[in-house]
Every structure is written in C-alpha cells, then in structure tokens.
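Worksheet for the structure shown next.
Source: prediction; values computed, not measured. Convention: sequence-line order gives letters A, B, ...; per-chain numbering from 1.
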Amino acid sequence: MDFVKPSIEYAEIWPLLVMFAVACLGVVVEAFVPRERRYLVQTLLAAAGLVAALVGTILIAGELEVLGDGQARGLIGVEGSLAIDGPTVFLWGIILVFSLGGLLLFAERRLEGGVSAFAGQAAALPGTEAERQASTRGLEHTEVYPLMMFAVFGMMMFPAANDLLTLFVALEVLSLPLYLLCGLARRRRLLSQEAALKYFLLGAFSSGFFLYGVALVYGFAGSMDYADINEAVRNDVGNSSLLLIGLGMLAVGLLFKVGAAPFHNWTPDVYQGAPTPVTGFMAAGTKIAAFGALMRLFYVAFGSERWSWQPMLWVIAILTMVVGAVLAVVQTDMKRMLAYSSVAHTGFLLTGVLGVQQASELSDGQVTSTQAVLFYLTTYGFAMIGAFAVVTLVRDSGGEASSFARWRGLGRRSPLVAGLFAFFLLSMAGIPLTAGFVGKWAVFTVALSAGAWPVVIAAILCSIIAVFFYVRVIVLMFFVEGEPEGEVASVTRPSILTGATILVGVAATLVLGILPGPVLTLAAHAGEFVR
Amino acid sequence: MELYTPVLVLALIAAAFAVGSVVMSAFVGPSRYNRARLDSYECGIEPTPQPVGGGRFPVKYYITAMLFIVFDIEIIFLYPWAVQFDALKFFGLVEMVIFIATVFVAYAYVWRRGGLEWD
Amino acid sequence: MNITAYVVLSGILFTIGCVGVLTRRNAIVVFMCVELMLNASNLALVAFAKQHGNLDGQIAAFFVMVVAAAEVVVGLAIIMTIFRTRRSASVDDASLLKY
Amino acid sequence: MEADDLSEFGNDVWWIILVKSLLIFVVLVLLTLFNIWWERRVVARMQHRIGPNVNGPFGLLQSLADGVKLALKEDIIPKAADKWVFLLAPVIAAVPAFVTFSVIPFGPVVNMFGEETPLQLTDMPVAVLFVMAIASIGIYGIVLGGWSSGSTYSLLGGLRSSAQMISYEVAMGLALVAVFLYAGSMSTSEIVEAQDDLWFGLILVPSFVIYVIAMIGETNRAPFDLPEAEGELVGGFHTEYSSLKFALFFLAEYINMATVSALATTLFLGGWHAPFWIDEVWAGANEGYWPLLWFFGKVLFFIFIFIWLRGSLPRLRYDQFMAFGWKRLIPIALVWIVAVATIRSISLDGGIDRQYLLIGIGALAVVFLVLFFIGAKEESDAEAPVAVEQRPGAFPVPPMPAGGAVRGAAKPLTFSTSSTVTGGDA
Amino acid sequence: MNDFPWLTVLIAVPLVGALVTAFLPKAPGSVLPKQVALGFSLLTLAVGVAIAAQYDTGDGMQMTETHTWIEAFGVHYALGVDGLGLLLILLTVFLVPVVFVASWNEADGNNVPAFFAWALALEAFGLCVFAATDVFLFYVVFEATLIPAYFLIGGFGREGRSFAALKFLMYQLGGGLVLLAAVIGLYVVSADAGSPSYLLSDLQNVEMSTTWERWLFVGFMIAFAVKAPLFPLHTWLADTTEKATPGTSVLLVCVLDKIGTFGMLRFCLGLFPEASQWATPVVVTLALISIVYGAFLAIGQDDILRLIGLTSLSHFGFITLGIFAFSSQGASGSILYMVNHGIGTAALFLIAGYLIRRKGTSLISEISGVQNRAPVLAGLFLVAGLATLGLPGLSQFVSEILVMIAAFDYHWWVGVVAVTGIVLAAIYVLWLYQRTMTGPPVAGDEGMKDLNRRELVAVVPLMLALVLFGFYPMPLLDAANPTVDTLLEHVGVSDDAPSVPAADHAEEGEH
C-alpha cells in the first residue's frame, strides 16, 4: 500500500489547536490545582486561550492568499479536511468574540452571592442534604471552563470542516460539552437536567440522521471530500436517489443544530432549562458555527445541486420563521420567548442562505449571500448574548426570574437595564439604527436577488409578528399600569464581567446599526468559500 | 468471505454443544420440587426482596464502564496505527504521542478526582 | 461486489432505531436506539467503502465509534442524573419544560 | 498486503474445514478436562497432598467423572430468575470461548488427508482484534448470568466480574500494540512468522509481563478471582447455576485460560516455532506436525503458571486489584507503547536526530512522573462521599464505619513470640 | 456658505438636545429639562430659518450633502432640500417649540426629561426624513421616528395608552416592513442595472420592468398609506390621538403623518411615475373614501381628540387626492395643504388640550358653554375650527380650492365627492363648537380659567400663520411650484390649464 505522508498546515490552524490545548490544559488544571485556586486559574487560562486564538485568527486573516479566480481567499489544509478561508476566519473571529462574552458570563459570581451559576456538585441529588452541603461549602464545578473550551473548539472546527467526516466529528465535539453544560444549573436543577436530557436525546437522534446522510452521500460520491462530492454531483456519476436522501438527512442534522423548524423543538426547552450563561453562549456560538457549516456544505459540496436543495430551504425557511414568530407570541417566559425568537432568526438566516447565486449573476459590489449571512450572524450574536446577559441580572428570591409576570414594570424600577434590554429586543426586531435591521436588510436582499420573493414576503410578515412580541415585552417593562401582583424581580448589580458583556453587546449593536460599513466590508472581504 | 466461514462452522458446533448441554441438563437431572430451593441463595436466610428491574448498581460501575469505553476506543486507534507504523514513521509517532497525551489528560483528571478509587 | 444487501440491511437497522427512538419511552432504550442508528450508518459506510474501493468509509466508521462512545459517556451521565433524581428513566416523566 | 499473505487461508474444501473445526472443539474439551485434572494435581502437590488419583490412570478421568456427575444434578431455575436470559447466559459465555480458537495457529502448512492446509482453522487481517472482540462477548454471558439470577450475590458477582474483565482487557489490549508495531500485522499467522528469529516475549518484555498479568485478571483466576470470592460473594455470578449450565461456565473459564495462553504463545513466545533454537540444530522441528508439540508445550507452560499462581498467592482485595489495573498497568502500558514506537521510529528512520528523540523521551518521562507522583500524596481532592439517602425499598445495609470505608493495609499482626510452632502438613 | 452642512446641523441640534435633555436630573418639578429642550427647539428653528433664508426657489435640490455610508449596500448619507422638503422642515421646526410651550406641564408627574427628549428625537428624525435624498437613509429614519413616537404615546397620555401605542407601532412597523421589502427590491433593481445605489438621483435613471415598478410602487404606497393615513389603513389614528397627549398628537398628525404624503410625492411619483399613473384610479378612490368616511366618523365622535384625529383622515384624503390628480394645481395644493393642515390641526389639538386639561374630560357630551367661562379659548378654538373647514381668508381655504380644481379637472364626479367632504367638515366643526362652547355652562366649572399667557404664546403664532397664509399664500406656493413642475415633468403629465400665478413672485422667496 502506498502511503503518502500527511501534512498539516500548522501555521494556518493554530488558533484551533490553541483552543484544543487550552481545553486539555483546563482538564489538567482541574486535576492538579487545589480547589480554591481553580476558579481563577481556569478563567484566566480560558480567557488567555480565547484571546490568543483571536489574535491568531486576525493574523491568519491578514495572510490568507487570494486564490486564482479572486473570489476566495485561503487554502484547504490538513489533507483536505479543513478549509481555512475567508468565511472560516471570519466565523472564527466572531465565535471567539462571543465565547469571550460567554466566558465572562460563566465567570460571573456576584449575582449568586459569590458562586457561579453552575451547580455546586452536579452529582448531588437536588433537594438533598448533600446538595445543601455542597452549596454551603461553596463547591463549584470549574469543569465548565474546559467544557466550554471544547465546545468552542468544536464550533471553530465546524465551519472549517471540508469533508463530511470532519464535519461530523466537529458536530459532536461541539455538541457533547453543551449537552453537559445544559444540565449544570445551580438553581432549578430538575429543569436543567431535563433540558440536558432532551437536548441530548434529540441531538443524538439528529446526529444519527446526519451520519446516515454522510454514509449515503459517501455512497453516492465515493468520497467524503467536498470538492470530490461536488465533482461527483456535477458529473452525476452515482445513484442520485442516494444523493437526494443523503442530502436530506445531512440537512436534518444541520437544521437541527441551527434550530430550524420542524427540528426546532429542543430550542425552547433547552434555552429555558440551561443555565442562562450557557444559553447565551450556546445561542450565539452554535448558530454561528452551524450556519457556517451549513453554508459550506451546501455551497461547496452541493453547489451544483442547488436546484434540489433551494426549494427545500425555501419551505423550511418559511416554516421556521412562521413557527418561531407565532409561537413566540404565546410565551410567558423570557428565556422561552428568546428561544422562539432565535428560531425565527434561524428562519431569517436561512433566507440569506438560500439567496446564493452564481458569481456571474451578481453585479459588481452587490451583497453576496455569504456576506449577508456572516453579517447577520454577527449582529444576532451580539444581541443574543447581550439579552441573555441581561436576563441573568433580573432576579427574585428564587434566582433568575424569567417569567413575564416578574418583569412587569421593570422599566420603572431599573430604567437602565430595562432600556438596554429593550434595545436588544429592538435590534432583534430589526428596527432601523440597530444592528438587527442591517442584518435583516442584508439577508432579505440576497434572497430577493435570487428570486425568492415568496420567502421574503413571508419573512416580512413574520417580522411584523416578531415586532409584536418584542414590543409586548417593552410594554410589559415600561407601560403596564397598575401595581403588579405577586413578587416582582429586581435587577441585581452585576460585577464588571457581566456588565462588560452587556455593554459590549449594546455598543456593538448600536455601532453595527449606524455604521455597519466596516464589518460588512470585512464580510465581503472574507469572500467566498474556497472550493 | 471464505476466511470467516470456518469461524461460523466452529461457532455452530460450539453452539450446538452448549445449547445441547443446557437442554440436556433440564432432562437428565432429577427434578424434586422444593420451595426453598427455588429461592435466591442467601446463605440460608430469607432472600431480601428485589426491586423491580433487577436492583441498582453502584455508580462506580458506570464510571468504570465509561473509562473502559474511552480506553477501548483509544486501542481501536492504536491498532491500525501500530500496524501501519512503519509507513507513518516519525509523523505517526508525533501524532500518536499527541493522541495518547490527550487521553492521558482525561485519565489524569479521573485519577485525581477519585474516579479510580474503589472502596 | 454487490452491496445492495448491506445497504438494505443498514437501512432496516436505521429504521428500527429511528422508530424505536420515536416510540419508546425509556430514556435508556431511546438512547440504545440512537446507537443502533449510528451503527446502521457504520454498516452503510463500510459497505460503501468496499464498493468504492477506498478506505474513507472505514475510517469514518472508526470515528463514528469514537463519537458513539463519547455519546454513551455523556448520555449515560445525563440519564443517570435524571434517573437518580426521579427514580424513573421515562422520557414522558421529564415534562417540567412546556409551553 | 494482507490479502497476499493470507493466501493460504480460505481455500480449504468444506470437509477439511469441518474436520479442523471438530478437531479444535475436541481438543479444547479434552484440554479442559486435562487442565482441571492437572490443576488439582499440581495444587495438591504444592499443598503436600496427592490430588485425584482414583479414576483412570493417575486419576486422569476424574474431570470427566465430575462432568458426568454435574450432568446428573438437578437443574434449578430460581423463581426470581429471568428464565430465558438465565438459560441463554451460559451459552453466550461458552460459545465465544470456543470461537476464539479459530484463529490460533497450531502449526505451519501440513498435509492433512492429502490436502495442503495450514494447521489453523482460519486467519484474517484482524485476527487478534477478532479474538479480543469475541472474548468480550463472553463477558455478556457473565453479566447476564449474574443479572438474570435475580440474586444479590449473583448480581454483584456479575458486575464485579465484568468490571474486572473490562479493566484488564484495556491493559491487555494496550500490551498488544507493541506486538503489532513490530509485526506490522494483526494476523496471527503473520505475527508468528515475524517471530521466526526472535520472540517478541524477549524484546518486548514489559508488554509480555503486562499481558501475562492482564490475562490472569481477564480470566478471573487467582489471585484475581474476586468475582467468585467465596468469602464475600459465595459463588459470584454463578451462585444460582447448577448442573450442566454451571458446567458450561466452568468450561468457558478453562477454555478462556487456554485461549489467553495460546494467544500469549502466539504473540510473545513465537507460536508454534520450536523453542531454544532447536530448529537450528534440527531443521525438521518447524515442519509437519511437530510444531503442535512446541505449541501445546508452551500453552501448558502458561497453564502451569496459572496453577502455580493459584497455589501460591492469596487473593487480592477488590480495590487493590482495580487500582493495580487502572493505576499501574494502563499507564505503564501507554508509556511503553510510546517508548516502543520511538525506538522503532529511530531504527526505521536514521534521518532523525536522536538527540531530539532522547530529549523528547526525557520530557515525556518527566511529564509522566509529574502526573503520577507529585500529587500522589494529596488525595484530599477525591469528592466527599455523597450520602445516599436510604429510601424505602432499598437494601438494608449496615452503616458505614465512621469516617467512611477503611482504606489501606491493616496494621501488621503482632504475636507474643513465646513459642514457635513448627508448621505441619495441611 | 454652501459647503457648510446646514442640514446636518439642523438634524444634529435636536438630536444633541435630546441626549442632553435625557440625562438631565429628573427631580419632580424641575423646569430645567423643559427650558433646555425649548432652547434646543428654538435653536433648531433658528437653523431652519437660516436654511430658508439661503434657499433659492427654482434651483432644485439644494444644500446637498453626500457621503458614502454603507458602501456594500450602495447607501449614502445624502441630504438635500427642495421646495417640498423645505416647507415641511419649516413646519416641523415651527411646530416643535409651539408644542413644547403648549405642553409645558403635560408630563408633570411623569418622567419629564424623557418626554422632551423623545420629542426632540422625534423632531430630529422627522427633519432627517424630509431632508433625505437617499432611499435607504429615508427608510432608516422613517422607521426610527417610530421609536420616539412609540415612547411618547406609550409613556405619556391617558389610560389605555399602552395599547394605543402598541397598535400605533404595529401598524406603522407593518407598513414599514412592507416598505422594507420594496426598498430591498429597489436595491435588487439597481444592482441588476449596474452597481447598487440608493441615491434618488441614481434611482431615477434606473430602468425597471413594469412588473417590478408596479410591485415596488405598491410596497411604497402601502407604507405611506398607513402613515398618511389613508382608508382602510387608518384605524390606528383615532385611538392614538385619543390616548396620547395633545402635544404628542400634534407631533404625530401634523409632522409625522406628513411623511406619508411627502413620501408619495417624492418616492411614489419620483421613482415610479408609470406605476403611479397606473394606480391612480385606486388611490383616488381610496382618497375619496377617506375624505367622506373620515368626515362621517368625525361627526359621530363624542371624544374631542378622536374627532380631531378623524378630521385629519379626511384632510389627508384631500392631500392624497391632490397628489394623484396629476396636475400642478393638485400637487401645489397638496403641498400647501400639508403645511396648512399642520398649522390648523395643531391649533385645534392644542386648544382642545387646554380645554381638556381644564375639564378633566374629553367627552363632548360632558362639556358645554365654555365660551361663557373662557371666551378667549372658545374664540381661538372657533378660528382654528373655521380654518379646518376651509373658510376663505384662512389658510386652508387656498389649498382646498387648489385641490378642488384639480379634482374637478380629473373627473367631475371626483370633484363632487370631494366637495361633500367640505360640507361635512362644516358640519363636524360647527357642531363641535356648538356642543362644547355654546349652551349653558356645566355646573362645577365655575373656577375654569381662561387661557394663561404661556398657553397664548403657544397658540397665537399658529393663529397668525393661519391668517397670514390665508391671505398671502404666495411664499408657500413659490417654494412648492418648482418642485411640482419637475415632478410632473418626470411623471410625464403636462398641464393643459395655466399654472398658478406664482411665476413673478419667484424671486421673493422670503417669509
């Protein structure tokens, strides 16, 4: 057997490796550093890793070579299994930024009176003496940091994956730590555990579909490599029913991850049950990573098969938006509402994804679908992580108070925090002068350019519905007259960590709303996916 | 496929023997009913009632099982690597050292946190 | 080599797993059905690898095993926690999260 | 390359296959009977007894007599048992035990009834993996047997047994990696061939040692026979089994002994190659049916070691046993693999600067030392024992000693040395 | 001076004012925020006047500023004024201080700085809307006006305001999102035609297919019809005016809603001339329905603020009718109408506000005989009311007549129906006056005071303007006519009737 020695482009993938190394180091720290010093070491280590990776990503971004046709920059490395191109680097960048935000939320200890939002001892049964002991002794799971780093590693690998196998592995690397993180809430542990169980079972189920899709597509193309699959699709070499079924199953797996209808069922439960810092991190990170992967898969591997998946995406996008928007209206819990709104956002993002066109069909300087989706992901991430950070602040005697009833009149009691939250909501609703508006504009534009006007119309209608439920929250916070009955939540003063996250979120949302130019240019500069 | 046919033959022979033994033991031996004999053996005392579903195991066993899975998987990767090592040479060495080190990280964690302690 | 039989078998296994996930109520059984799905995929991968005469599928099968193992580890941990709390592994009992 | 080298296999006509299969089956059954007898004799010798000597010459038929006796015993199925699983478990335990032998090479190609065929039922590119896989199925038999009995002893015995087997299987599997590294194959016949000059047992001593230890743990033999520790668990997982079903478990255990011995022979002691360079002086030693002699000689050597250990060592405590497997064997095996790979890499590839390799090895060694010995003292980090609530319906268990389970060795006993009693015969 | 960014300053002043005011201490009874806000609004007025002084009628877009904003979308920060924009800008900068003075105590007991800050923000966005010459910029500020408006309605006003605010916002955003679709469509069209750009000047040269043009027109028109409001998208109007404070209502109806008609002129006609003609029958019909239906609804109201709100529905019908009659009289009349309606309705709202503040109720059935107790109030109310019904000599008469001419020109029955609107207007105004001001005074309001000085200061300028423009509308027409001419030329309609005799006043562009 002839054996070609593999080569690995360490210079281009080192941020990825840094994340992995930091995760592993985190585990070692967990093993060898005394308990009382772990928190500090872990947070510093994780932060240092994220910053290092971010710096690396920026450096690499500056050095990517422009490929032959000028559409794409970057290279395919590690024996064809990773593609380090413009979109990858862009996605890495925003994933790392949001992970930093997530990390700050993870590290917040002031809200719970000196402990983190995670269970003191996950193994202790809820409501038992052991649990009380764990909490009086101030135990906490610092394992969440390595877990998070592993998840970030998976998130970075996911959009970079250039073959189906890497894609699958990345999918799992990103999912598995999140399953665990979801079940680690300090308060409402039953809820949290249940969320973890649901997330896990449904996630495993969908990855089963995904994997079978991988197998079928492999059966069709005889290769896992995107380029080879594309070649096979173009030449129509194999059994095309294998391809279609496989494509559908792959889509199921990815659409599950992004939370698109009809595979969105986990989203509200998990968003609600998971510890809020995790929710924020997950809502931003997973979606970014999964959309990156989705686009690369569909554009690069199945680009020639566009006519068979675009209609499917049309239907799914419309369905997702409708489901997300309509169900969000009837929610009475802030986290669930945000979850459904994130489903609706998935629909909007899909609207951008399906707006792909050949380079020749675009005029000079026109917004491309990649650019639009990348930008939308950026705005979405800032708004989501900021909004969930605000949710962590609003508390009553039982911890976080996420039910609507508790939020009544919050705007009068804490106008600043309520105002910031309202601002995030307005951004999500897509009101001009916020980032969300520009993002929406971009994805709708590309969809309309690609002729998907029914989807755009549906999206507009859903936006109207969406505005309603966002505004309802603002009404609830600011304009509900009369004294609320029952206990109401108040805003706990956070430490600098959460405060910084919220402020950065607000600032970014505002700046991206008023001056989106630089980021849009950056996204345009990222170019197309390398093939 | 011919490589596996003999295995099947041997398995069939063994299975025939084993099943035959089980069946035979039901017929050959004597059968004298005795209520106490059909109870679970607990050194002569009344057997403790068993919860439905076969009772619960200590969590330790799960941990062992999980650890086993981790290492078994590691072995799965080590075998092909070992067989092809001559072709992989130094590259293979480096990659595998990284791989083993990674597993070792988890291993050290489990060890330090008391996952390998048995009472 | 004709691989239709293998693919059909894997399809059947996959369907069994899928139906199991959808109909069974015990979390562990659901989980086992998921594993069945993964292994059905493995079978298909290996069969296709044989058909195409390259090793990609087999390598993939290896990785799938790893992933499946990791999933087992994570999944069992989660299911056990729930089981210890509720004394039940039924997914129907996990119903605190609703609309 | 595998396909070429395995060309000798898979060409047998059907009756040769049948004959070879039957032969293996018969040999295994006979070997079991012999081993039981031999064990009893040897242990008896060690204990200054005579052992079975009534039935047949030297009591050789004693085992057979026992078997027949077992068959005539009442076949009990406890009422708490899960009947079908209870019946199935011994079958599951026994069948894999036989099957593993199908890839063990007994000798080179011979002329069998006019057909040229290797003295090996079959071989495959992944033969050793096959052995490991099939052997693992046997564990199911034990777990299911323990679980289906519906008895606490059985359940715990079965669990312990399986925990023990899988623990030592890891070490065993790791020990084999070095062999594959040197043999470049997992096919048993090729591994044997690769040991034409030098046995792996000699150049890969740590692997060999680990393997031998692991194989004893794997087969639940003394000093690792905890699942059947009579003092604690009565009969372990087969407490509730009787008659031939019990015999099947017994059979499986002894075949497993033979299997792991045969595997050890194959992988480390040159398989059917004649020992001590006999073939240097006698060219025919490695041809024809002679290798059978060497092969069984080596297998019986291992069996003897089993017996010897049983006769001389006390049983380990369970925590010591698990700790030994997880905390010693596995890390050592892993380190050894890296070392072997490094050495192999050096010998293959002269282009690498050895200095770097040495530095690398040194660094690795330091890392491992740090990992295992720096923090070894402060075990305080082990999670505090979580008090599990007593719920109605749980097993009534006696309260734990204050401060948790007692750990570590007991204080050495001291006796007043007024008079010494000369040890008499047992 | 031409390089000086006058328009940016015009927008920036109230915006800065809003920020400053918002962060002033909100101690109860503090007048500082009010004074600061008023100061900023007066400053804005000054800037507005300065712009007007430099404005050269007949020179098309002036004081233009163009900066690239979002390159990827072809979006520019582009401002400029023509006659249409200028008039509306002046109306805005004029009304805001008036509203501030009139609403001096409206927000007491609530978050005072917020009220004034939001109002200033609203002014800033509104000015930006009228000055924008980039569709995207227009859209952004168009939507952005909703936020301050929403908070003004939802935060200040009467019981049930939060629902009214929500209804307002949902309607407006719904319209806005439809507009968004159309704006996006414009991008696609312009991208297909070459490189994407949102500049009005670029877009006017883009060739688009009839289908595209019509669809985009529909999108724009729906949004503007919600804004304006036009039947059947008007239902938010009455609720909003009823619940909001009169000051807010002035800002909404007299300034914000003008964006709708402004948009029709500038964008519907400017960008989609063929489609505008294609849609004329429908739009005209809707406008007529609005005129008559609005008037009937107004007659039936028992709430003064609702009533005034609904009169606006009728008036906006007139404006729309004038626009879509496609004649210079119609268009000029509409532009004039926008200004005059702004002034007249503002006066009505403010005086009604005074009344309601005194009476504590807005129900007509509970108010009676006010003119005995507060003759000045009643008198001013009558003047404003008469202006609304189009009494000759007051400003609205001129615009109404122009629109009427255009309507009869368009088709005789259109004119007939429109005339009905005037008749009905007489009914609701006079009947309103009769019911509230005349008759026996209600017991219990003996202590009712007449207007104080502050209140007079707010209303008198409006009254003066009503009278001034009633007799001398030329400055307004001078400003409007060049715009109208270019627009009609663009649409491709040539007047067969002589234009309004304004040509010889072209040089006088002073007010």
Mind checking what makes side chain to side chain contact (heavy atoms under 4.5 Å, CB included) contact with C:Met65, not counting sequence neighbours?
-> B:Ile73, B:Ile76, C:Asn42
Evaluate the criterion side-chain contact (heavy atoms from CB on, under 4.5 Å) for residue pair C:Ile78 and A:Tyr199; output intermediate values, then yes/no.
-> CA-CA 10 Å; C:Ile78 293 173; A:Tyr199 194 17; over 6 Å; no
Between C:Gly75, C:Ala44, C:Ala70, which residue shows the highest count of heavy-atom pairs closer than 4.5 Å to chain A?
-> C:Gly75
Heavy-atom proximity to chain C below 4.5 Å, by part of A:Leu242 = side chain
Could you tell me which portion of A:Ser223 (side chain, backbone, both or neither) has an atom closer than 4.5 angstrom to a non-hydrogen atom of chain C?
-> both
Provide the closest heavy-atom pair for C:Glu71 versus A:Ser207 in the form atom of the first, atom of the second, distance.
-> OE2-OG, 3.2 Å
Chain C contact via A:Gln193 - which portion, at a heavy-atom distance below 4.5 Å = both
Any chance you could measure A:Thr166, atom OG1, to C:Phe63, atom CZ, to the nearest 0.5 Å?
-> 8.0 Å
Quick one: what part of A:Leu165 sits under 4.5 Å from any heavy atom of chain C, side chain, backbone, both or neither?
-> side chain
Using a 4.5 Å cut-off on heavy atoms from C-beta on, say whether the side chain of C:Val74 contacts that of A:Leu180.
-> yes
Evaluate the ring planes of A:Tyr212 and C:Phe14, with Trp represented by its six-membered ring, and classify them as parallel (under 30°), tilted (30 to 60°) or perpendicular (over 60°).
-> parallel
Report the residues that fulfil side chain to side chain contact (heavy atoms under 4.5 Å, CB included) with A:Thr276, sequence neighbours left out, ordered by chain and then residue number.
-> A:Lys335, A:Phe388, A:Val391, A:Thr392, A:Glu400
When you look at C:Leu22 and A:Phe205, which way does the side-chain contact (heavy atoms from CB on, under 4.5 Å) test go after all the steps?
-> CA-CA 9 Å; C:Leu22 295 174; A:Phe205 188 46; 4.0 Å; yes
Is the side chain of A:Tyr218 donor-acceptor paired with the backbone N or O of C:Gly57 at a distance under 3.5 Å, no angle test?
-> yes
Heavy-atom closest pair, residues C:Ser41 and A:Gly208 = OG-O, 4.0 Å
Below 4.5 Å from any heavy atom of chain C, which atoms of A:Met337 appear? Answer side chain, backbone, both or neither.
-> neither
Student check: side-chain heavy atoms of C:Asn54 and A:Met224 closer than 4.5 Å | no
Do you know which two heavy atoms are closest between C:Ala27 and A:Leu201, and how far apart they sit?
-> O-CD2, 4.2 Å
Counting heavy-atom pairs under 4.5 Å to chain A, which of C:Cys33, C:Gly11, C:Ser10 comes out on top?
-> C:Ser10
CD/A:Glu194 to OG1/C:Thr81 distance, rounded to the nearest 0.5 angstrom?
-> 13.0 Å
May I ask you to name which of C:Ala49, C:Ala61, C:Gly53, C:Ala40 has the most heavy-atom pairs under 4.5 Å with chain A?
-> C:Ala49
Evaluate the side-chain contact (heavy atoms from CB on, under 4.5 Å) criterion for residues C:Cys18 and A:Phe209: first the C-alpha distance (whole Å), next the side-chain angles of each, then the deciding distance (0.1 Å), finally the verdict.
-> CA-CA 9 Å; C:Cys18 188; A:Phe209 271 95; 3.6 Å; yes
